[in-house]
Amino acid sequence: MELWLCIVIAASAFVGSGVIFGAVFHRVGYNARKKKAESEIGSAEEEAKRIREDGAKLAETMKKEALISAKEDILRQRNDAEKELKERRADVSRMERRVAQKEETLDKKAEALERKNEQLDKKLKENDALRDQINELREKEMKILEEISGISAEQAKEELISRVESEVKHDLAQRLDELEAEFKEEADTKAKNIISLAIQRCAADHVAETTVSVVSLPNDDMKGRIIGREGRNIQMLEKLTGVELIIDDTPEAITLSGFDPVRREIARLTLEKLISDGRIHPSRIEETVEKAQKEVETGIKQAGERATFDVGIHGINPDLIRMLGRLKYRTSYGQNVLKHSIEVALIAGMIADELGVDSTLAKRAGLLHDIGKAQTHEMEGSHVELGVNLVKRYKESRDVIHAIEAHHGDVDPQTVIAVIVQAADAISAARPGARREDLENYIKRLEKIEEIAKGFGGVEKAFAVQAGREIRVMVKPEEVNDDGMKLIAREMAVKIQEEVKYPGQIKINVIRESRAIDYAK
């Protein structure tokens, strides 16, 4: 304060000189700021020193706290490690005790096993000695038995084998009889149900076709007009139709004879048209024959279409339908082939329904199974081969082709459809009255069956009866026993199936009869 007063006084003294006053004032201010700055610096240094001291103290405190915390963690981890170590040592101790116990148990078992082995060895030695004694006794007994019985061991063995074979044969015959009865009963029941249902639902008309046709005349004078002058009319008719006209003493009738049913039908229609029209001369005959041929062709096509409609089959190639229609003029053992094919299709469809298979496919295969019979003699091969080639050409399914191929047993049936068609064909053809068989083939079949039966050992006589549906076989009672009868019947049935072709089935009846004869005198 005194300093400022001095400055003011000095300034007042030199009030006259402004420059001097400014310089003095500036100097005074500088000194004042310097002192103030020095004072502030000193204060700052003291503050900095204090802060440093506080920081050092804080750092020391934190260091001590961290050290204490680290020591506590180390101590805690050490305690945990010691605790875990103790637990593991306890586990190891328990395991060592268990291992020791097991070793002790194993040692005991090993000792017991050794004792048992020793006992077993001892018993084996005893058994060997006993076996030797038994063998010696057996040999002695065999010698004694041979001396008593008067036969050797080999002979006794053969007799024993023979006795065992006889017993086995007896048991086999009994078992065979039981199995046959069981299977036959079950199979017969199912087959009868299926076939009876199929046949009851199908009642087809069958007409035995012949090789002649008869045309009725309004009067006997028409015969002369049909013959014509010098036989020109009848010659033209026979030439164009290929059928022989038989004009005899039969009143008001002319017989047409020929093996081709189609040609006979054309000739019949031609004659009926000529008789109805009344104009009979060669040119008119030629024109009428041409019209009759067209009508027959139309009728053939309609017959095929009607057959497919009756059976309920669609999508057959038109050429195959025409072939089906031609079957109307074909016969097999007197049975109309078209009607037979329709019946087979219907029966096959109903059997398929009963068995739960495709009935449409079965009916298709049944309808086409005899399609090869529609071919003429100009085509070589059996009707099976011709039918297979036909349906292959018109892209029928593989199942249909195989059914046609297998329906006469030329190949083994591999599908259910093929077996069904085979069965339906046999049912339609083999039922009574369906077909006619010529006498020569019939007699040959009966002779063949009797010949097979007489070829078995112990058979005395054999007779085919019931139109070849049954064969009665008489065996010699001293050579064939009751069990042997059953085996003979079975083997005979198998051989007849392999060597003879026949419709339906044949019953083998084997008869064994013992008679005691004496005379009273």
Side-chain angles (χ1 to χ4, degrees), residues 187 190-204 206 304 307-317 320-321 323-324 326-328 330-333 335-375 381-431 434-435 497 501-505:
K190 291 184 178 179
K192 285 176 182 177
N193 289 336
I194 293 173
I195 293 173
S196 63
L197 285 173
I199 293 178
Q200 286 171 9
R201 291 167 57 191
C202 176
H206 291 272
T308 59
F309 178 77
D310 291 342
V311 176
I313 299 299
H314 308 286
I316 297 180
N317 188 282
L320 276 182
I321 292 177
M323 287 289 180
L324 274 175
R326 293 181 69 87
L327 294 179
K328 178 182 178 182
R330 297 286 189 271
T331 59
S332 178
Y333 293 98
Q335 186 180 29
N336 184 276
V337 178
L338 180 58
K339 293 180 179 179
H340 164 67
S341 298
I342 294 173
E343 185 180 20
V344 170
L346 295 175
I347 293 174
M350 287 180 280
I351 292 176
D353 285 333
E354 294 296 328
L355 296 177
V357 298
D358 189 351
S359 61
T360 302
L361 183 60
K363 288 193 288 186
R364 192 183 192 97
L367 185 63
L368 297 175
H369 80 284
D370 271 345
I371 193 69
K373 292 183 179 179
Q375 298 282 19
S382 67
H383 78 279
V384 175
E385 295 173 354
L386 296 174
V388 169
N389 293 333
L390 268 177
V391 295
K392 282 182 178 178
R393 187 188 311 162
Y394 294 110
K395 310 298 182 184
E396 286 292 330
S397 66
R398 185 177 301 175
D399 288 335
V400 173
I401 295 172
H402 176 65
I404 295 173
E405 190 177 23
H407 81 274
H408 275 320
D410 294 341
V411 297
D412 293 332
Q414 303 294 330
T415 63
V416 178
I417 297 297
V419 176
I420 290 174
V421 171
Q422 195 177 66
D425 181 46
I427 291 170
S428 175
R431 60 180 180 76
R435 291 187 173 184
Q497 289 175 5
K501 290 185 178 180
Y502 52 90
Q505 62 181 12

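Values reported hereafter were calculated over all heavy atoms of this structure, with side chains retained and with hydrogens, waters and symmetry mates removed. The first residue of the sequence shown is numbered 1, and numbering continues consecutively from there.
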For this session: Go through the steps to decide whether H369 and V344 satisfy the test side chain to side chain contact (heavy atoms under 4.5 Å, CB included), and finish with yes or no.
Result: CA-CA 9 Å; H369 80 284; V344 170; 3.7 Å; yes
For this session: Taking all heavy atoms of A307 and all of L338, pick out the closest pair and write down the distance.
Result: CB-CD1, 3.9 Å
Problem set entry | Donor-acceptor contact below 3.5 Å, side chain K363 vs main chain L346 | no
Problem set entry | Sub-6.0 Å ring centroid separation between H383 and H407 | yes
Exercise. Does a side-chain heavy-atom distance below 4.5 Å link D425 with H340?
Worked result: yes
Exercise. Counting distance only, does the side-chain N/O of D370 pair as donor-acceptor with the main-chain N or O of K373 below 3.5 Å?
Worked result: no
Seminar exercise, completed: In this structure, CG of D353 is separated from CD1 of I420 (nearest 0.5 Å) by 9.0 Å
Problem set entry | Inter-residue atom distance S341.OG - L367.CG, 0.5 Å rounding | 6.0 Å
Seminar exercise, completed: One should read off an interatomic distance between K339 NZ and L327 CG, to the nearest 0.5 angstrom, of 13.0 Å
Problem set entry | Point-to-point distance, once rounded to the nearest 0.5 Å, from CD1 of I417 to NE2 of H402 | 10.5 Å
Problem set entry | Exam field: side chain N336 to backbone K328, donor-acceptor pair closer than 3.5 Å | yes
For this session: Taking all non-hydrogen atoms of both residues into account, name the closest pair between V419 and P413 and its distance.
Result: CG2-CB, 3.8 Å
Problem set entry | Taking every non-hydrogen atom, the tightest pair across A352 and A362 | CB-CB, 3.8 Å
Seminar exercise, completed: Correct closest heavy-atom pair for I404 and G387 would be CG2-C, 4.2 Å
Problem set entry | Nearest-0.5 Å distance, CD1 of residue I342 to CD1 of residue I313 | 11.5 Å
Exercise. Closest heavy-atom contact between A348 and A424?
Worked result: N-CB, 3.8 Å
Seminar exercise, completed: Closest non-hydrogen atoms of L320 and I371, given as atom of the first, atom of the second and distance, are O-CD1, 4.0 Å
Exercise. Rounded to the nearest 0.5 Å, what separation is found between the CG atom of L368 and the CG atom of L324?
Worked result: 5.5 Å
Problem set entry | Close side-chain approach of E385 and E405, heavy atoms under 4.5 Å | no
